[in-house]
Amino acid sequence: MENLIFHHSSTNKTIPVFSNEDYILQLLTEAGMVSEQTVDSARQSSGSGSVIEKLVQSGQITEEGVAGLLASSNALDFFDLSHASIAPEVANAITDELARRYKAIPVYDDGYALTVAIADPFDFETLDALPHVLSRELNFVVATPSAIDYVLKAVYGSAEMSTQSADDSIETTEGDAPIIKLVINMLVEAFNHRASDIHIEPLETSVRIRYRVDGRLIEVANHPKKLLPAIIARLKVMSTSMSIAEKRLPQDGRIQIKVAGKEVDLRVSSVPSNHGESIVMRILDKSGLVLGLPELGFFSDDQTTFERLLSLPDGILLVTGPTGSGKTTTLYGCLNVINRPDKKIITVEDPVEYELAGINQVMVKADIGMTFSNALRAMLRQAPNIIMIGEIRDAETANIAINASLTGHLVFSTLHTNDAPSAVARLADIGIKRFLIASAVRAVLAQRLVRKLCPACKTEMPMTDKELRALRLDASRMADATIYGPAGCEKCRKKGFRGRMGIFEIFEIDDEVRHLINADLSSSQLRKRAREMGMRSMREDGIRKVLAGLTTAEEVIHVTMADFD
């Protein structure tokens, strides 16, 4: 059979967006092929297409010139694919699916190594995956994108790429590369473990994979260090707004996938460390989002109190606690309770973690000036009934929130404090007048998360004397109580715990408390008075849940170490 001979015209080409266009533009300017002023002009010009495409179409640079520069920058050869002669058996060395997936054209086979033409030598996924998929030694050369597209259509037809996108399916196929399978299996396994986070951590000689399950980190795998670049590259390819070429600066992205028929978002964060890039992915399972107050862990009495607070027409309701204590989930639960057609609800978040139907959600983008305070000002012009602020971080945001509450809006937000009464001091510390705090804040909910005992295998396990002392409980009080502890079964993966719930303290601000706030009482004095007025501490709420057989004394002690009253 005769060789396939191509005579491709270079007119009317469409240049795809390269994986790291900014770096390629930097190479072009450093090589003197184009000036910085010309690049800036192309950026600002109207019309669709990448900057490189605009420069090629305007005649400032040539496609062949770009390809030659990319080749030399990566110690590769440029291959003129537009006038190539390819043997049919060589063309068949790569299936049409793989050729389209990786934009790769086999051009020569010497019996030892297969020479493959690619357009983007910075596409590390292709450089790493293709040799594994083909189980062959490969030599890469660089060709122009339009020539590769032409040969793809001429040899393999014009069918659409058959590779599955990340936001469509998470299943692997037999032809997937080992790195792709490794990453996909890691994501599926983390989801099946009910993990909230995936940690990919480069160590000196290995790559450690850990999942955070029910608030605790567990190590699940150690991979050879040489796999780190491929794993990182694959995740960056799957995510949005992340550059494969950038390894020196932190980056953020988002991956949308489907696991077992459920839509799952992953919030991706990369940080350069001394042994390489470290990635943490927060798993946001939309279908598993807790939206009801009972599911959050409220007992009926606290639920009644909190539902009454949610029905207030105005004021500020604050949720406090350290990072990872479930504050955002509680805020979403509150919004779900009060989300009705007759209420306009707007949120400002950094970032928007879950999308809620019927609610207007605004994401903070500080790099373009969309700060919490700027977003809040704009939101107030939208005439909302209810406002949620992801977090009060500074005096400007706090003042806008207070003014909004005093003009008839119900405002939800979070603060980082150890207990509920300390929220008053925190607001005062960032510059808010105490009389404004007393007037605007209606209540503060402080919370922690404790692991729930697996209902399938929990077993009777009396408290130890040490636990009784730590909780300041009299053994006689426990005489008629049935206390449970963890056992471990298949449903909880031998851990004895499954899921988490909140323990709470609700600090209501009534007329007497307003007087105490205006009197400039310290946090400890406010807390003492609140306890005298009947406020239940988080530790006491935790003890109730231990006695109800929902969690253990050890869990409550662990998260309430500072609660001694």
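If you check the side chains of T320 and T417, you find a donor sitting under 3.5 Å from an acceptor. Donor-acceptor pairing under 3.5 Å is recorded for the side chains of E349 and Q361. Inspection of the S522 and Q525 side chains reveals an N or O donor paired with an N or O acceptor under 3.5 Å. A donor-acceptor contact closer than 3.5 angstrom links the side chains of S206 and N222. Between the side chains of S422 and D419, at least one donor-acceptor pair of N or O atoms lies under 3.5 Å. Side-chain contact annotation: Y211 with E219, donor-acceptor N/O pair under 3.5 Å absent. Using a 3.5 Å distance cut-off with no hydrogens or angles, the side chains of T330 and Q447 do pair a donor with an acceptor.
Taking 4.5 Å as the limit, some side-chain heavy atom of V183 sits within range of a side-chain heavy atom of M238. Between V444 and L317, the closest side-chain pair of non-hydrogen atoms is not below 4.5 Å. Between T552 and Y484 there is no side-chain heavy-atom pair separated by less than 4.5 Å.
Side-chain atoms of S273 do not come within 3.5 Å of backbone N or O of S278 as any donor-acceptor pair.
Residues satisfying the side chain to side chain donor-acceptor pair (under 3.5 Å) test with D394, not counting sequence neighbours, are T397.
More than 12 heavy atoms of other residues, nucleotides or ligands shown are found within 6.0 angstrom of CD on Q303.
With respect to D214, the side chain to side chain donor-acceptor pair (under 3.5 Å) criterion is satisfied by exactly one of R498, H193, R194: R194.
Under the 4.0 Å criterion applied to side-chain N and carboxylate O atoms, R442 and D510 are not assigned as salt-bridge partners. At a threshold of 4.0 Å, the pair R451-E555 counts as salt-bridged, since one of the basic side-chain nitrogens sits closer than that to a carboxylate oxygen.
Cation-pi contact between K545 and F299: present, with separation from the ring centre below 6.0 Å and deviation from the ring axis of at most 45°.
Contact detail for G321 and H416: the closest heavy-atom pair is O-ND1, 3.5 Å.
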Apply salt bridge (Lys or Arg N to Asp or Glu O under 4.0 Å) to residues R308 and E508 and explain how you reach the verdict. CA-CA 11 Å; R308 174 173 52 80; E508 290 193 70; 3.0 Å; yes

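Atoms CE and CD1, on M538 and I543 in that order, are 12.5 Å from each other to the nearest 0.5 Å.
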